[in-house]
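The structure under discussion appears below in the form of structure tokens.
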2 protein chains.
Amino acid sequence: MRRPTIADIARQAGVSKGAVSYALNGQPGVSEATRARILAIANEIGWRPNIAARALNGARAHAVGLALCRPARFLGVEPFFMELISGIEAELSARSYALLLQVVGDHEAEMGVYRRWWGEGRVDGAILVDLHLDDSRVPQVEEMGMPVVVLGHPSAAGSLVSVWADDRAAVRETVEYLVALGHRRIARVAGLPRLSHTAIRDRAFGEVCADLGLDACPIVHTDYTGEEGARATRRLLSSPERPTAIVFDNDIMAVAGLSVAQEMRLDVPADLSIVAWDDSPLCQVVRPPLTVLTRDIPAYGAHAAQRLLALIDGVEAKPLEDEAPRLTTRGSTAPPA
Amino acid sequence: MRRPTIADIARQAGVSKGAVSYALNGQPGVSEATRARILAIANEIGWRPNIAARALNGARAHAVGLALCRPARFLGVEPFFMELISGIEAELSARSYALLLQVVGDHEAEMGVYRRWWGEGRVDGAILVDLHLDDSRVPQVEEMGMPVVVLGHPSAAGSLVSVWADDRAAVRETVEYLVALGHRRIARVAGLPRLSHTAIRDRAFGEVCADLGLDACPIVHTDYTGEEGARATRRLLSSPERPTAIVFDNDIMAVAGLSVAQEMRLDVPADLSIVAWDDSPLCQVVRPPLTVLTRDIPAYGAHAAQRLLALIDGVEAKPLEDEAPRLTTRGSTAPPA
DNA sequence: GAGGGTCACTGGACCGGTTCAGCCGAGGGG
DNA sequence: CCCCTCGGCTGAACCGGTCCAGTGACCCTC
């Protein structure tokens with residue numbers, strides 16, 4: 001049982017393929033009566049456009065690509081990507097666009113994937129995430145001429161359209177809040193130092209600490225895993241000038257840090273306040289529940305997808321500054337004992 | 001600057017399109033010298049096959065579909081899906097297949113997506129996850145004639161090829177281990193009751209408890225969220241016949257359960273032993289670290305992808321019983337006080 | 001040296017749509 | 001009444017590949 005084609009519809013309706021094409025695409029060139037008849041037949045025999053045939057005429061592929069280049073074992077760790085994907089998805093599926101996903105090992109492989117997808121006409125554009133400082137992918141996709149939206153600060157995005165949130169403001173809000181509580185020794189457990197948003201947060205952290213006249217505000221870099229988060233926390237809490245508050249760059253490290261503190265017989269929040277970047281069920285489930293920086297990650301993804309679809313449609317898309325992360329206070333922060 | 005086509009190559013090489021096609025596809029019909037010349041030219045001008053044109057000739061779409069039908073907010077919660085996807089991916093990208101992903105709201109929408117993908121020639125097959133009891137999707141995809149591999153027990157997969165793990169054995173191993181430690185009152189905090197693997201685990205749990213002559217072995221069903229896991233735990237621990245061990249159906253509920261126990265001033269593992277289904281950084285990070293049932297989820301996904309590619313190639317694929325989850329003991333299980 | 005077979009390659013149909021030039025008939029204006 | 005316009009439709013080219021039938025050259029064989 002072959003898939004019905006417009007030729008089948010044309011035969012049944014007694015018109016030409018061309019007329020059917022006009023009718024199905026809502027274009028002028030057929031009378032309303034004929035259009036209705038054709039649509040009815042198409043519907044009845046369950047016709048679906050063959051995207052391959054459409055794509056062949058230089059039309060859109062109706063798909064966008066996303067290549068994730070964190071190692072697989074880190075991907076599962078954070079809910080970030082899954083939430084991002086579901087946000088992207090929501091926007092795409094509303095427009096009947098599909099999402100092509102690939103997990104790659106490094107940036108070189110990632111570019112290979114984009115080149116292939118773009119070269120094969122499989123995608124109409126792509127979303128770039130996890131920008132590095134001086135990211136080599138940016139000039140490469142610029143040269144390819146593929147529509148691309150970058151998730152991250154415009155400073156690293158070259159001429160590409162970016163969707164970003166004001167991490168600076170979030171860092172400032174957090175530190176000011178902790179200082180208002182009475183903290184003077186605040187530390188930061190950061191993610192991968194080569195990521196551009198890590199650099200931005202690091203800088204903002206240093207600036208705010210200086211502005212507020214705080215003493216040494218140590219930053220420890222990690223790879224986002226619980227193990228490294230725990231190790232960093234242990235190191236910070238063993239130092240002579242033990243911080244009274246730590247801001248973690250993700251939820252899993254914050255929880256690991258909480259465990260370390262409790263292991264060391266420190267009370268959270270009396271002896272140590274903890275803030276996590278990005279909320280998750282995990283943060284709400286532990287005792288005490290964690291004060292977090294909340295972002296609407298699906299919205300973030302949806303906005304990026306929106307911008308990308310605009311670009312693909314040839315509409316000039318403006319960079320978008322998304323909502324800054326908001327501080328949601330819970331039981332893990334309090335004035336230092 | 002148009003993308004190069006085989007016609008361009010043919011012109012440059014002074015041969016016909018047909019010859020170029022044979023050369024590029026490694027088919028007989030051209031001399032080795034000509035083939036080499038054509039490949040060199042193709043390489044030089046950066047030719048890539050246009051999959052649309054290929055697909056039009058009834059060839060493969062070189063993509064497989066995965067529609068996830070859990071609500072977005074649950075997807076981020078568990079690392080399961082991300083790990084599964086990265087496993088599927090690993091297998092697919094080795095064969096240059098792409099993964100089409102869509103997050104849908106319910107089974108009806110999911111079938112709509114599959115119908116569209118299949119109808120439009122976008123995918124060559126799909127992977128079905130989270131089988132329900134009497135899953136309506138099974139007969140529907142059977143009727144569509146689309147190659148499909150099911151992740152789940154064959155009993156729910158109809159005539160479809162399935163990849164599954166022996167959850168029965170895992171449940172048995174876990175309960176026997178707890179009983180060997182001296183536990184007699186064991187409870188299970190299960191996932192969604194309409195999922196077929198929940199039913200299988202439920203049944204196995206009941207059988208093993210009966211076999212070992214245990215008293216009432218309560219099962220509480222949840223939606224996999226931390227909140228419901230906490231509520232279920234609270235209920236179980238407040239009952240007159242308080243269990244001394246609880247087996248949770250995922251990591252997030254187990255951690256929530258741990259928090260509840262600690263809130264109720266119960267010592268884990270002295271007063272309550274905890275086992276979680278599926279390991280995650282989360283389980284290793286909490287205090288005490290959780291005893292878990294470990295599965296190699298990426299392998300699980302890779303095997304499913306492998307089977308699916310075989311099916312697509314027209315090779316008859318056999319169902320595969322994957323490794324059963326293995327018990328990894330950590331600090332959360334001990335003899336009851 | 002005629003017949004047969006193989007090899008390397010050509011030309012063109014074909015996949016399922018889109019799109020454009022052109023045709024026909026009806027209606028309107030002069 | 002004729003000419004022009006325009007709506008509604010047809011026929012065919014086209015997108016970039018695949019693949020099949022056919023062709024000509026060459027070699028082998030009896």
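Order of the sequence lines sets the chain letters (A, B, ...), proteins ahead of strands, with each chain counted from 1.
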**Message:** Which heavy atom of I6(A) sits nearest to which heavy atom of L24(A), and what is that distance?
**Reply:** CG2-CD1, 3.9 Å

**Residues that H62(B) engages under ring pair (Phe, Tyr, Trp, His ring centres under 6.0 Å), provided they are two or more places apart** = Y97(B)

**Prompt:** OH of Y22(B) versus C1' of dG22(D): gap in Å, rounded?
**Reply:** 11 Å

**Asked** Are any of S16(A)'s side-chain N or O atoms less than 4.0 Å away from OP1 or OP2 of dT10(D)?
**Response** yes

**Prompt:** Side chain of K17(B), base of dG16(D): donor and acceptor closer than 3.5 Å?
**Reply:** no

**Request:** For V15(A), report the nucleic acid contact type (base, sugar-phosphate, nothing); a contact means any heavy atom under 4.0 Å.
**Result:** sugar-phosphate

**Item:** Residue pairs involving residues 136-159 of chain B (criterion ring-ring contact (aromatic ring centres under 6.0 Å, His included); sequence neighbours excluded)
**Value:** H153(B)-W164(B)

**Asked** Do the side chain of S93(A) and the main chain of E89(A) share a donor and acceptor less than 3.5 angstrom apart?
**Response** yes

**Asked** What is the distance from atom CG of L56(A) to atom CZ of R54(B), rounded to the nearest 0.5 Å?
**Response** 13.0 Å

**Request:** Report which part of the nucleic acid S31(B) touches: base, sugar-phosphate, or nothing (heavy-atom distance under 4.0 Å, all strands).
**Result:** sugar-phosphate

**Message:** Give the residues of residues 32-61 of chain A touching DNA chain C, defined as any heavy atom closer than 4.0 Å, sorted by residue number.
**Reply:** W47(A), R48(A), N50(A), A53(A), R54(A), L56(A), N57(A)

**Request:** Scan L192(A), V138(A), L195(A) and name whichever one has a side-chain contact (heavy atoms from CB on, under 4.5 Å) with H132(A).
**Result:** L195(A)

**Item:** Summary of ring-ring contact (aromatic ring centres under 6.0 Å, His included) pairs that have at least one residue in residues 15-47 of chain B, sequence neighbours excluded
**Value:** none

**Asked** Reading DNA chain C 5' to 3', which nucleotide is the first, and which the last, to come under 4.0 Å of any heavy atom in chain A?
**Response** dG16(C) to dC20(C)

**Fill in**
The complete set of side-chain hydrogen bond (donor to acceptor under 3.5 Å, both in side chains) pairs with one or both residues in residues 295-316 of chain B, sequence neighbours excluded, reads R95(B)-D313(B), D278(B)-R295(B), H303(B)-D322(B)

